Structures are given as structure tokens and as C-alpha cells.
Amino acid sequence: MKILVAVKRVVDYAVKVRVKPDRTGVETANVKMSMNPFCEIAVEEALRLREAGAAAEVVAATIGPAQSADTLRTALAMGADRAVHVLHDPDPARPLLPLVVAKILRAVALQEKPGLVILGKQAIDDDCNQTGQMLAGLLQWPQGTFASKVLLDKEKQKATVEREVDGGIETICLKLPAVITTDLRLNQPRYATLPNIMKAKSKVIKKVTPEDLNVDIRSDMEVTEVNEQPKRKAGVILSSVDELLDKLKNEARVL
Amino acid sequence: MPHTQHEFANRTANSCRRFHWIPSVQHSPCRPRINVETYEGQYSANKASEVQKRTFGSAATQIQRNPAYSELTSDDVSYFKSILGDNGVIQDEDRITVANVDWMGKYRGASQLLLLPKSSVEVSKILSYCNTRRLAVVPQGGNTGLVGGSVPVYDEVIVSLAGMNKIISFDNVNGILTCEAGCVLENLSTFVENEGCIMPLDLGAKGSCHIGGNISTNAGGLRFIRYGSLHGNVLGLEAVLADGTILDMLTTLRKDNTGYDLKHLFIGSEGSLGVVTKISVLTPAKLPSTNVAFLSCNDYTSCQKLLLAARRNLGEILSAFEFMDNNCIDLAMRHLEGVQNPLPASQTKFYVLIETTGSDESYDKTKLEAFLLRSMEDGLVTDGVIAQDISQASNFWRIREGISEASVKVGAVHKYDLSIPVEKLYDIVEEMRSRLGGKAEVLGYGHLGDGNLHLNILSSKYDNNILAQIEPFVYEWTSAQRGSISAEHGLGLMKAEKIHFSKSPEAVQLMGSIKKLLDPNLILNPYKVLPQSVL
């Protein structure tokens with residue numbers, strides 16, 4: 001069985017994000033870009049399933065410009081077998097939205113025919129948390145989102161997924177093929193070791209375009225302006241309860 | 001002049017020690033440990049003339065309080081209140097107790113007064129008064145020093161620079177930062193990084209240490225291999241002498257060959273020649289691409305060869321080369337929260353952390369990968385990982401920077417900071433292991449790129465028997481290799497009588513003369529740095 005993992009290149013989670021002075025989007029030039037942390041968890045889970053014998057091959061896929069190949073190389077260096085790079089140059093005014101991404105991934109999935117598609121639950125740049133769900137809908141496959149544990153039964157072709165939901169942990173059983181999105185507690189991603197980095201150099205990255213996949217990426221939504229949140233004002237340290245009462249009454253006007 | 005003027009109110013470092021990492025992990029503030037069993041001898045603040053006996057530091061030291069120093073009176077306190085205001089004079093027991101103990105909990109003073117001046121003029125008034133009254137003074141920054149140089153020995157008045165934490169200006173064309181001495185290093189880093197520059201030094205204590213303290217100890221740190229010493233990066237400073245004279249050498253010029261370059265006297269003299277109040281420092285440009293690799297090596301020879309190869313092949317992008325032995329990794333895994341072992345499968349004895357910093361991400365990464373793969377083929381490296389994002393890189397650094405912190409958690413740490421020729425660097429670690437047997441854990445780690453070993457000997461509590469096995473053997477051994485008994489930590493109290501292991505008698509004599517010239521009443525940070533015999 002093949003596992004398809006979709007990964008996204010985003011601004012590194014530890015970087016302090018800034019809005020561009022022309023307010024068309026977030027500053028990405030000269031900023032460290034890395035694999036989305038949830039996507040790292042997805043790759044790790046796929047690798048563990050392969051190592052456990054539940055799958056034979058892990059294929060990483062991404063949609064993005066030429067530099068996104070770095071993200072694929074990270075996935076390959078972690079241990080993925082092959083990669084698919086859907087080339088697309090981003091336009092800040094018309095970013096790729098989850099529905100389009102899901103359509104593209106659907107096309108890739110129909111070509112690759114995996115038994116399982118694993119994605120991160122959301123990307124840390126847009127925090128949409130929609131792609132996995134939409135992909136499952138388009139493919140008409142069952143979905144297990146916010147997975148904190150995945151158990152694969154190869155013979156019965158079933159996946160048991162523990163999901164983190166508001167009320168606690170929900171356990172569901174999915175018939176394969178299925179879509180799973182990963183949550184934080186699913187696993188601790190491995191580091192890219194030197195031997196694996198070396199092996200990754202000879203692994204194949206197939207390049208395709210959305211046109212090759214017959215997907216229309218025209219977006220119905222346009223981003224007109226991006227602004228920073230208003231700066232949080234500093235707190236004031238007060239010296240007595242009287243002062244507090246005075247401020248609450250006369251400045252904040254809540255008393 | 002392309003100056004951006006800021007009057008920045010910096011966050012003052014909490015008087016309790018904090019170390020910040022990305023992602024932020026807050027450590028609970030260290031309360032001074034009251035080790036009743038190890039602290040012998042009675043003392044009271046009022047009977048400060050009694051002998052203070054310590055069961056740590058040099059076994060032979062039993063420094064007596066110099067009777068030439070006056071004792072603090074209430075008139076003195078009133079005077080200080082009149083010049084500093086009530087907020088600038090601290091007699092609160094809790095705060096003074098914290099200021100009396102060093103970061104490792106090894107040295108404890110008996111000061112009754114903590115002063116918080118807010119300007120150089122206030123510092124000048126304090127020192128001028130103390131000089132006339134012959135009151136001994138300890139200048140204190142972040143109190144993260146590791147040789148007992150930042151806390152009183154007896155009842156010296158503590159002059160803390162924590163209240164002088166403003167950034168004065170930043171020239172972002174030339175990358176020159178001018179600020180007050182009480183600025184916390186991490187805050188300065190954050191500030192200059194916003195402007196596209198970085199501080200030329202970085203150390204594990206950055207969340208608490210003050211730049212004034214860094215300069216007074218000529219701190220080295222993790223970036224030394226790339227940006228060099230503070231002697232090269234500090235462009236100017238303002239210091240207050242013992243008699244209150246404000247010596248303004250706060251220039252922002254890169255080149256100025258007019259007369260003797262006095263600022264170098266204050267860089268590294270550990271507060272014994274003057275109190276540094278303002279500094280101007282060169283900040284290198286922040287380069288966008290950083291790569292960190294964590295590697296395992298079979299033996300120390302491989303580490304050395306790797307260093308040589310790194311210098312040649314990584315060259316201009318090499319920005320850090322640190323090594324540690326497997327005891328350090330084990331310790332870090334046991335005592336630090338939130339760290340992951342990057343090479344769990346490795347059973348090797350040595351680990352190396354290499355960082356590169358450059359302007360082109362993919363070029364640097366390709367260069368580093370090629371270098372490491374070749375090193376693996378040559379057998380210098382048995383395994384390694386390269387960080388794929390900033391979190392992973394921080395995790396690697398956390399391990400290296402956290403060794404000191406983890407050591408303190410074991411109980412008693414005997415720290416030695418030695419400069420030794422690279423070929424012989426690890427020999428002392430093995431020697432100490434055989435000398436101590438199983439009585440104490442011996443860790444060896446440090447800035448291999450600078451030839452600087454940090455030797456940590458850990459036991460559950462401070463014990464004179466263990467100390468006797470370590471000193472003076474470590475110093476004699478280092479001296480025999482013509483090394484330095486204090487590569488970057490300074491002499492402080494711990495090594496005040498040890499300077500002869502690394503400096504000639506003539507040099508030490510001259511240092512004594514300079515000290516007596518600048519501080520005839522010897523009020524600045526007494527009992528430390530220089531041996532009593534030359535004063």
C-alpha cells in the first residue's frame with residue numbers, strides 16, 4: 001500500500017512574522033521558510049506506518065514554487081521514498097486556497113492511488129484547517145481529522161484513528177482508502193540524519209503543473225489588504241487599591 | 001549623522017535568574033540555596049570582621065575581612081537615600097539575600113545594602129562617597145558570573161547596574177549600538193535583530209547577564225570563533241573610577257589611534273579598576289541563513305580533525321564549533337525539560353555542534369551537507385543530523401547551552417574554564433576521571449573552535465576532599481601546557497590567588513601597580529582578581 005503525504009512550505013514557526021510595508025501580504029523575502037510543523041508530523045506518521053510494515057511506499061507531495069523543492073527534500077531526507085512537486089508560483093493577492101489545494105491533491109491521489117493520504121491538520125500561515133476535510137469530500141473517502149493516534153490494520157484495510165475533539169478523545173474506524181489529518185500529539189518527528197540526507201539526493205522528485213492535472217486554479221477570492229494587529233498597550237503597575245478603583249472608575253469606566 | 005535616537009526603556013532583568021530559549025521555556029527563579037551542612041562558620045552582618053570560612057572555592061583560602069574598610073552606618077544609608085532616592089536604596093532582606101549569592105549558589109556574601117543608581121552621575125556620587133568613607137563596593141550586573149566575582153565576600157556595598165538599562169542610540173548604517181551597562185544581553189539582541197544586526201557575543205546566560213558585566217569579564221561565548229573578542233568589538237565605553245571620576249571614552253569610531261587605548265583596561269578587569277556605565281559596541285549584520293548540525297564522533301582526534309576540516313571547507317560561513325562528551329548529553333537529557341536527544345542511537349563518546357551563518361540559504365546548506373557527507377566518508381563523523389527548521393536548531397543549542405544549568409541541578413559544581421592547546425584539550429578530562437574515580441562525575445565540553453575547555457566536576461554537595469583532588473592539580477597541569485586557567489570566566493574570587501599559573505610575576509606586579517594607581521583605597525571589588533601580595 002502507498003501512503004501519500006502532502007506537505008507545505010511556510011514561514012518557519014519560530015520566526016516573528018511581519019506584514020510587508022505595502023500591506024499586500026506577509027514578509028517572506030529573506031525569511032526562514034520550513035516545512036509546516038503539522039506536515040512534519042504527517043511525514044513522520046507515514047514513515048512509522050511504513051516501518052511497521054503497514055505500507056510499502058511513502059510519497060510526499062507539495063504545491064508551490066521552485067523553492068518548495070526544499071521542503072520535499074526535507075521529507076525525502078526524513079525517509080520518504082519519492083516526491084511529487086506541483087509547480088505553482090504564488091500570487092499574494094490570490095493565494096491558493098484549501099479548495100484548490102484539495103482539488104490538486106485529489107488529482108495527484110487519483111494518479112498515485114494511495115491507500116492513505118495524511119496531511120497536517122492546518123498550515124501555520126493561514127490556519128485554515130480545511131484542506132484535509134475537503135480532500136476527503138472530493139475523493140468521497142472517509143476522514144479522520146485531528147488524529148492523535150493511528151492504527152492500521154492491513155488485512156482488514158481499516159484504520160483506527162483517535163481524534164482530539166473538544167470533549168476528549170474520539171475513536172473512529174475508517175475503511176481504507178481514507179484521509180487523515182495530524183494533530184500535535186500524534187508523534188515527535190525525527191531529525192534528518194546524514195545517511196538519509198545522502199540517500200535523498202538520489203530520490204526522484206516528479207514535477208507536474210496544475211494544467212497537467214487538469215485542475216483549474218482560478219481563485220474566486222482576492223486578498224485586498226493585510227494589516228498587523230493593533231499593538232497591545234503596556235500595562236500599568238498601580239501602587240494602591242485606591243488607585244485601582246480610581247482607574248477602573250474614571251479611565252476604564254467599568255465601575 | 002545617520003543615528004537613530006531611541007530612549008528605550010528596556011525590560012529590566014528580573015533579579016531572579018531566567019534563561020530564555022525559543023520556544024520560551026520559563027524556568028522557575030532560583031532561590032538561594034541554604035546548604036546548612038556545607039556552610040560552616042558563624043557570621044552576622046554586624047560582626048563582619050569575623051573570619052568567614054568557606055567549604056568551597058580554593059581549599060587554602062581563608063580570606064580575612066580587611067579591617068581597613070569601614071563598616072556601613074545609618075548615616076551612610078541616609079546619604080545614599082539622599083542621592084538615589086528611597087527606591088534606589090535597597091535594604092529589603094529578600095532582595096539583598098538574592099544579590100548576595102552567586103548563580104551557582106557557591107559564594108555567599110554578607111552585604112546589607114544594595115544600591116540601584118539610575119545614571120552615571122549617581123554612580124559617580126556613590127563611588128566618590130565610598131572612596132572617602134573607605135567603604136568597599138561590589139559592582140553587580142546580572143550576577144551570572146561563574147567565579148564569584150559578582151557577589152560580596154563580606155559586607156561590601158552592592159552597586160547594581162540593573163537600573164541603568166536604556167538603549168541610547170543605534171547607528172544602523174554602521175551597526176553601532178550605544179547603551180547603558182545594565183542592559184540585559186538578550187534584550188539587546190532582540191533590539192538589534194529588529195534592526196538587521198546581531199550582538200557579537202552570545203552565551204547561555206543571555207537572559208540574565210548585563211552587557212556591562214559581559215564587558216567587565218571580557219566574555220567569550222558561542223560566537224567568538226566568528227566575531228572575535230570584545231576587545232575588538234567594543235568601540236568605546238564610559239567608566240566611573242573609584243574616586244568618582246567619570247571617564248568618558250564613549251566613542252563610536254571604528255578607528256582612533258590617539259593616545260593609549262584605555263578602554264582595554266576596563267574590558268576584562270572584572271570591575272576592579274572602574275565601574276563600566278555605558279558602552280558602544282559594534283554589531284555585525286544579521287545574516288539570514290543559519291544552519292546547525294549535531295554530529296557524533298568516535299574519539300577526540302576525530303573532533304580535532306573535524307575542526308580543521310571545518311575551518312578549511314566551511315571557512316567564512318562557520319559561526320560556531322562546540323564539542324561535548326557523552327556524559328554531558330546524558331546529563332542534559334536527565335535534567336533539562338523539553339529536550340530531545342538528536343542522536344539517540346549513537347553510542348559514541350563525543351558530540352560536535354557546528355553552526356554556519358551566511359547570506360544564502362541554499363548555498364550554505366549545500367556546502368554544509370557536502371562537508372558533512374565527506375566527513376562521514378572520511379570516518380571523522382559516525383552520524384549526524386542537520387536541523388530542518390528553527391525549532392530543531394534551538395533544540396540542539398538548548399542541549400549545549402543547558403549543560404551548565406543541568407550541572408547545577410546535580411548539586412555541587414566545580415567549574416574550570418581552561419584554554420589548552422587543542423591536541424591536549426581532552427587529556428585533562430580523562431586525567432580527572434581517573435583521579436576522582438567514581439566520587440564525582442566529570443564533564444568535558446566547550447568551545448573547541450577557540451581551544452577552550454569547560455571542565456565540570458559534579459558531586460551531590462561541595463566537599464573538600466573532592467576539591468583537594470582537583471586543585472591545584474588542574475591549575476598545575478594547565479600551567480604545564482602553557483594554557484590559561486581562565487579562558488573566559490575571569491579570576492573573580494575563585495582564582496584570585498591563582499594568577500601566577502598563567503601570568504609572569506612581572507606582569508602581575510604591573511597589574512598591581514595599575515590597580516593601586518586607579519583605586520588607591522582598593523574599594524572596588526576587593527579580594528578578587530589579583531593576589532593580595534601585589535596590593
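Every heavy atom of this structure was used, including side-chain atoms; hydrogens, water molecules and symmetry mates were not. Please read these numbers as outputs of a predicted model, since none were measured by experiment.
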query = Please walk me through it: do A:Tyr191 and B:Asn395 pass side-chain hydrogen bond (donor to acceptor under 3.5 Å, both in side chains)?
reply = CA-CA 11 Å; A:Tyr191 290 108; B:Asn395 188 39; 2.3 Å; yes
If we ignore angles and hydrogens, is there a donor and acceptor under 3.5 Å between the side chains of [X] and [Y]?
X: B:Trp397; Y: B:Glu355; answer: yes
X: A:Gln133; Y: A:Asn129; answer: yes
X: B:Ser289; Y: B:Asp364; answer: yes
X: A:Glu243; Y: A:Ser239; answer: yes
X: A:Thr145; Y: A:Thr181; answer: no
X: A:Asp22; Y: A:Thr24; answer: yes

Is chain B contacted by the side chain of [X], its backbone, both, or neither, given a heavy-atom distance below 4.5 Å?
X: A:Arg190; value: backbone
X: A:Asp12; value: side chain
X: A:Lys201; value: side chain

task = Would you please go through residues 366-389 of chain B and name the residues with a non-hydrogen atom below 4.5 Å from one of chain A, in numerical order?
result =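 Those residues of residues 366-389 of chain B which have a heavy atom under 4.5 Å from chain A are B:Glu369, B:Leu372, B:Leu373, B:Met376, B:Glu377, B:Val381, B:Asp383, B:Gly384, B:Val385, B:Ile386, B:Gln388, B:Asp389.
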task = Answer with side chain, backbone, both or neither: which region of B:Leu343 has an atom nearer than 4.5 Å to a non-hydrogen atom of chain A?
result =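 For B:Leu343, there is no contact with chain A at all, as no heavy atom is under 4.5 Å.
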Which portion of B:Gln392 sits near chain A, non-hydrogen atoms under 4.5 angstrom =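 Its backbone and side chain both get close to chain A.
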message = In terms of relative ring orientation, are B:Phe191 and B:Phe170 parallel, tilted or perpendicular, with 30° and 60° separating the classes?
response =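 Rings of B:Phe191 and B:Phe170: perpendicular, over 60°.
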key: Inter-residue atom distance A:Ile104.CD1 - A:Thr131.OG1, 0.5 Å rounding   =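 These two atoms lie 10.5 Å from each other.
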ask   = Measuring from B:Asn291:CG to B:Thr356:OG1, what's the distance to the nearest 0.5 Å?
value =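 The OG1 atom of B:Thr356 is 4.5 Å from CG of B:Asn291, to the nearest 0.5 Å.
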request  = Starting from the C-alpha separation in whole Å, work towards a yes-or-no answer on side chain to side chain contact (heavy atoms under 4.5 Å, CB included) for A:Lys121 and A:Thr182.
outcome  = CA-CA 5 Å; A:Lys121 72 173 181 183; A:Thr182 63; 5.5 Å; no
task = Give me the contact list for residues 34-56 of chain A versus chain B, heavy atoms only, anything under 4.5 Å, ordered by residue number.
result =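 Expected list: A:Ser34, A:Glu40.
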Test side chain to side chain contact (heavy atoms under 4.5 Å, CB included) applied to B:Leu185 and B:Asn187, step by step = CA-CA 5 Å; B:Leu185 181 62; B:Asn187 293 347; over 6 Å; no
